[in-house]
Amino acid sequence: MVGPRIVIVGAGIAGAATAYALARRGMEQVFLLDKEKQPGAHSTGRNAAILRTAIPDPVLHGMARESAAFYMDPPDGFSGPPLVNRTGLYLAAAPQAEVEFRKWIDREDCSMGGHEVPVSEIHERVPDLAPGLASAWSFPAEGVFDVHAILQGFLRGAREGGADLRLGCRVDGIREHNGKVEGVETGDGFLAADAVLVAAGGWARLLPGKTGLEIPLVPYRRHLLVTAPDPTLDPRGPAVWIAGDDYYFRPESGGMLMSACDTVAVEPEEGELSDPRILEDLAVKTRKWLPRMAEAGAAHFWAGMRTFAPDDRFVVGPDPRLEGLHWAAGLGGHGITCGAAVGNLAASWLAGDSPSHPLADSFLPRRLLGGVSAPNFGTLST
Ligand SMILES: Cc1cc2nc3c(=O)[nH]c(=O)nc-3n(C[C@H](O)[C@H](O)[C@H](O)COP(=O)(O)OP(=O)(O)OC[C@H]3O[C@@H](n4cnc5c(N)ncnc54)[C@H](O)[C@@H]3O)c2cc1C
């Protein structure tokens with residue numbers, strides 16, 4: 001099957017996973033464009049790489065579980081190395097957050113794959129952790145992604161299926177005629193298309209440009225720090241997320257990767273500029289929970305964008321205002337975890353399958369048009 005001409009704007013996880021899923025459906029006329037010379041140069045290459053499926057919103061938990069099943073057991077030839085290092089993940093609550101934490105973590109439709117454990121279990125695995133946690137859940141099959149292997153697997157599969165990956169190709173706008181997409185204007189000229197998928201991460205809201213068909217997607221900046229290497233740290237240690245203090249950490253490159261979960265709305269061009277003022281908040285949380293690491297010094301410190309719709313749910317599917325305009329954006333802090341499922345769903349819509357996916361309607365852009373907003377579930381995202 002050749003299929004319609006589809007242009008995907010953005011070769012991060014959303015665009016790459018969609019291109020891959022289209023290739024698996026036999027769609028051959030797919031163009032995957034990215035303004036950068038490297039794929040995954042923005043949020044997909046700047047995150048904490050934690051596989052975490054427990055999410056307070058059951059709809060996102062469903063997507064995360066579906067996606068995790070793909071990463072745990074990808075098709076033959078998708079990747080050489082495993083996509084997930086199953087170090088284990090603990091979600092824990094500080095005392096002030098325990099009531100809120102239990103409201104969702106005890107629900108099977110939010111936390112399948114995990115179980116409650118004594119807090120002492122985390123201390124056995126992370127001897128540096130200070131006392132003070134009220135409760136803890138363990139997700140033994142979860143852990144740390146090899147994001148590079150995932151992205152390369154999607155891109156390789158897409159290219160083998162005929163997709164044309166064009167790097168260093170900036171899309172300046174979408175051209176429409178008579179209520180239908182005609183193609184995109186790029187730095188290299190006009191590229192005709194029957195459908196355009198906006199998978200542009202922090203820039204997604206701006207991409208429809210002159211068409212005026214914005215969706216209220218806002219990028220929020222968050223910082224990560226990796227401490228200097230410490231030979232006493234166990235590199236196979238788990239990822240730990242502390243609700244209430246909004247702090248998470250896991251081993252990385254011989255040191256400890258950590259975040260104070262800062263969340264500041266930004267313009268995309270400023271979304272990756274790190275702000276050293278965050279370091280004080282991170283130091284306070286580190287002194288409280290990992291006191292020995294507080295003086296370790298930083299080997300790396302950087303910022304990235306998590307882009308959200310007002311209800312914290314992804315935006316996936318056709319835009320009812322313009323025939324041929326599709327979205328795969330607003331992946332927030334769950335984009336790597338949920339990427340495989342998002343790509344599959346976006347591809348179903350693009351291929352005109354009328355997805356039978358039980359969650360498909362939950363992500364449609366139409367819910368965000370006309371100022372109606374669904375409840376905010378607070379997704380406690382990485
Ligand atoms: C600090 C931090 C920690 C995180 N931790 C986790 C985690 O542990 N687990 C998890 O699952 N998720 C995590 N995330 C979330 C995850 O990184 C994102 O949800 C995901 O990477 C979003 O992917 P994307 O493809 O939508 O965006 P991106 O990866 O940003 O890709 C968008 C692409 O579009 C391109 N583009 C934009 N505009 C144009 C244009 N005009 N023309 C051409 N190309 C364009 C960009 O160059 C970019 O490559 C974290 C995010 C951050 C910032």
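Indexing begins at 1, ligand by ligand and atom by atom, following the structure's order. The structure presented is a predicted model; accordingly, all values stated were derived computationally and were not measured.
At most 12 non-hydrogen atoms from other residues, nucleotides or ligands lie less than 6.0 angstrom from CD of Q38. Enclosure of atom CD in E116 by more than 12 non-hydrogen atoms of other residues, nucleotides or ligands within 6.0 angstrom is indicated. Heavy-atom neighbours of E295 CD from other residues, nucleotides or ligands within 6.0 Å: at or below the threshold of 12. Other residues, nucleotides and ligands contribute more than 12 heavy atoms inside 6.0 Å of the CZ atom of R102. Heavy-atom contacts from other residues, nucleotides or ligands closer than 6.0 Å to NE2 of H115 number more than 12. For R24, the CZ atom sits in a loose shell: 12 or fewer heavy atoms of surrounding residues, nucleotides or ligands are nearer than 6.0 Å.
Each of the following atoms of ligand 1 lies closer than 4.0 Å to a heavy atom of L207: 40 (C), 41 (N). Residue E36 has at least one heavy-atom neighbour below 4.0 Å for each of these atoms of ligand 1: 47 (O). Near R222, meaning under 4.0 Å from one of its heavy atoms, ligand 1 places the atoms 1 (C). The contact set between ligand 1 and L331, taken as ligand atoms under 4.0 Å from a residue heavy atom, comprises 19 (O).
Distances from atom 21 (O) of ligand 1 to the heavy atoms of T44, L151, T186 show the closest one on T44. Of the options G201, G40, G187, the smallest heavy-atom separation from atom 27 (O) of ligand 1 is shown by G201. Nearest to atom 48 (C) of ligand 1 by heavy-atom distance, out of D34, L32, I8, is D34. If you check each of C338, A14, S43 against atom 17 (O) of ligand 1, the one with the closest non-hydrogen atom is S43. Between atom 9 (N) of ligand 1 and the options I336, D262, I50, the minimum heavy-atom separation is to I50.
For atom 6 (C) of ligand 1, the nearest protein heavy atom (residue, atom name, distance) is T382 OG1, 3.2 Å. Shortest contact from atom 12 (N) of ligand 1 to any protein heavy atom: G333 O, 3.1 Å. Counting protein heavy atoms only, atom 51 (C) of ligand 1 is closest to R306 CG, 3.4 Å. Shortest contact from atom 14 (N) of ligand 1 to any protein heavy atom: N47 CB, 3.6 Å. In this structure, the protein non-hydrogen atom closest to atom 42 (N) of ligand 1 is V171 N, 2.9 Å. With hydrogens left out, the protein atom closest to atom 11 (O) of ligand 1 is T337 N, 2.7 Å, a heavy atom. Among protein heavy atoms, atom 34 (O) of ligand 1 sits closest to G10 CA, 3.2 Å. From the protein, the heavy atom lying nearest to atom 31 (O) of ligand 1 is G12 CA, 3.5 Å.
Contact annotation: for A329 versus ligand 1, there are no heavy atoms closer than 4.0 Å. Under 4.0 angstrom from ligand 1, the non-hydrogen atoms of L224 all belong to its side chain. Of all the heavy atoms of L51, none lies under 4.0 Å from any atom of ligand 1, so neither backbone nor side chain is involved. In A303, neither the side chain nor the backbone holds a heavy atom less than 4.0 Å from any atom of ligand 1. Neither the backbone nor the side chain of H223 comes within 4.0 Å of ligand 1, counting heavy atoms alone.
Backbone and side-chain nitrogen or oxygen atoms of G304 are examined, and none is located within less than 3.5 angstrom of a nitrogen or oxygen of ligand 1. Between A48 and ligand 1, at least one N/O pair is under 3.5 Å apart. Residue A11 has no N or O atom closer than 3.5 Å to an N or O atom of ligand 1. For ligand 1, the polar-atom distance check finds an N/O of K35 within less than 3.5 Å of one of the ligand's N/O atoms.
One finds the CZ atom of R65 at 5.5 Å from the CE atom of M112 (value rounded to the nearest 0.5 Å). Atoms OH and CZ, on Y248 and R52 in that order, are 9.5 Å from each other to the nearest 0.5 Å.
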Set out, in order, the CA-CA distance, both residues' side-chain angles and the distance that settles side-chain hydrogen bond (donor to acceptor under 3.5 Å, both in side chains) for S362 and R367, then state yes or no. CA-CA 8 Å; S362 309; R367 75 187 194 278; over 6 Å; no

Decide yes or no on side-chain hydrogen bond (donor to acceptor under 3.5 Å, both in side chains) for N178 and E323, but give the supporting numbers first. CA-CA 9 Å; N178 282 343; E323 192 182 336; over 6 Å; no

Would you check, one step at a time, whether the test side chain to side chain contact (heavy atoms under 4.5 Å, CB included) holds for V171 with V196? CA-CA 11 Å; V171 172; V196 173; over 6 Å; no

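Using a non-hydrogen distance threshold of 4.0 Å, Y248 registers as a contact of ligand 1. The closest approach between any non-hydrogen atom of G332 and ligand 1 is below 4.0 Å. Residue C169 places a heavy atom less than 4.0 Å from ligand 1.
Scanning for ring pair (Phe, Tyr, Trp, His ring centres under 6.0 Å) contacts around F154 gives Y20, F70, F78, with sequence neighbours left out.
A side-chain donor-acceptor contact under 3.5 Å links R25 and S348. A donor-acceptor contact closer than 3.5 angstrom is absent between the side chains of R166 and T186.
In this pair, F249 and Y247 present their aromatic rings tilted. The plane angle is within the 30 to 60° band.
Residues R292 and M256 are not in side-chain contact: their nearest non-hydrogen atoms beyond the backbone lie 4.5 Å or more apart.
Cation-pi contact between R125 and Y90: absent, since separation from the ring centre below 6.0 Å together with deviation from the ring axis within 45° is not met.
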